[in-house]
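FYI, side chains are in, hydrogens and waters are out, and symmetry mates aren't considered; it's all heavy atoms of this structure.
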Amino acid sequence: MTATVTTSVSKLLTPNDVGSTGSHQAGIAVPRQDEMLAFFPALDASEYNPRRSLLFREVSGIEEWPLNFIYYNGRLHGRSTRNEYRLTGLTPFFKKHKAAVGDILQLGKTQTGRWTIELVHSQERTAAVEVLPPYSFEINGEASVNYETIRLSGTWSAVSRRKNSVR
């Protein structure tokens with residue numbers, strides 16, 4: 001049996017993401033696709049608005065950023081119309097790094113369970129790094145042929161690794 005393990009995700013930032021529209025939103029919307037949800041820890045839908053606090057460390061430094069992965073599930077509990085996943089707590093990171101529309105937010109997960117975060121400014125990137133963070137290919141020296149980039153809803157992408165498992 002072959003399983004897919006999502007090792008990193010990336011998001012092309014939009015005006016809503018960086019706050020330039022003046023609208024108020026609770027974090028960045030996360031698509032409800034299997035490849036995306038496989039990247040984040042599982043949340044218990046039987047709880048009202050379950051969340052997990054995650055500590056992300058910058059790829060290029062030692063600074064850490066606490067983020068929250070939340071499932072706003074009021075519709076399931078008859079308390080609101082919301083039924084969406086969000087990643088919140090990014091505003092301080094975006095302000096420090098002067099995030100702008102067109103930049104790419106890259107989130108990774110190492111084999112040791114460490115969460116990583118990086119912002120690639122639009123003027124610094126090339127087509128080759130748009131959705132392929134460099135750290136996503138450094139898992140136990142596996143050949144990159146075991147990885148694939150999956151375009152997800154909207155402006156998200158995921159890098160996943162095919163993993164053979166024995167039952």
J.: Do other residues, nucleotides or ligands put more than 12 heavy atoms under 6.0 Å from Lys96 NZ?
T.: yes
J.: Just by distance, do the side chain of Asn73 and the backbone of Glu84 share a donor-acceptor pair under 3.5 Å?
T.: no
J.: Donor-acceptor pair, distance only, cut-off 3.5 Å: does the side chain of His121 make one with the backbone of His97?
T.: yes
J.: Consider only side-chain heavy atoms of I, L, V, M, F, W and Y, link residues closer than 4.5 Å, and tell whether Tyr72 and Leu90 are in one cluster.
T.: no
J.: Determine the sole option in Ile104, Val120, Leu119 for which the side chain to side chain contact (heavy atoms under 4.5 Å, CB included) test with Leu13 is passed.
T.: Leu119
J.: Shared ILVMFWY cluster between Val101 and Leu87, side chains joined below 4.5 angstrom?
T.: yes
J.: Rounded at 0.5 Å granularity, tell me how far OG in Ser53 sits from CD1 in Ile70.
T.: 8.0 Å
J.: Is the distance between the ring centroids of Trp115 and Phe39 less than 6.0 Å?
T.: yes
J.: Please list, chain by chain and in numerical order, all residues satisfying salt bridge (charged side-chain N to carboxylate O under 4.0 Å, His left out) with Arg52, sequence neighbours excluded.
T.: none
J.: Take Thr14 and Asn16, measure what side-chain hydrogen bond (donor to acceptor under 3.5 Å, both in side chains) needs, and give me the verdict at the end.
T.: CA-CA 5 Å; Thr14 65; Asn16 256 356; 5.7 Å; no
J.: Report yes or no: does Arg51 contribute a side-chain atom to a donor-acceptor pair with the main-chain N or O of Asn68 at less than 3.5 Å?
T.: no
J.: Within the supplied structure, the quantity of interest is the number of heavy atoms (other residues, nucleotides, ligands) at a distance under 6.0 Å from Asn83 CG; does it exceed 12?
T.: yes
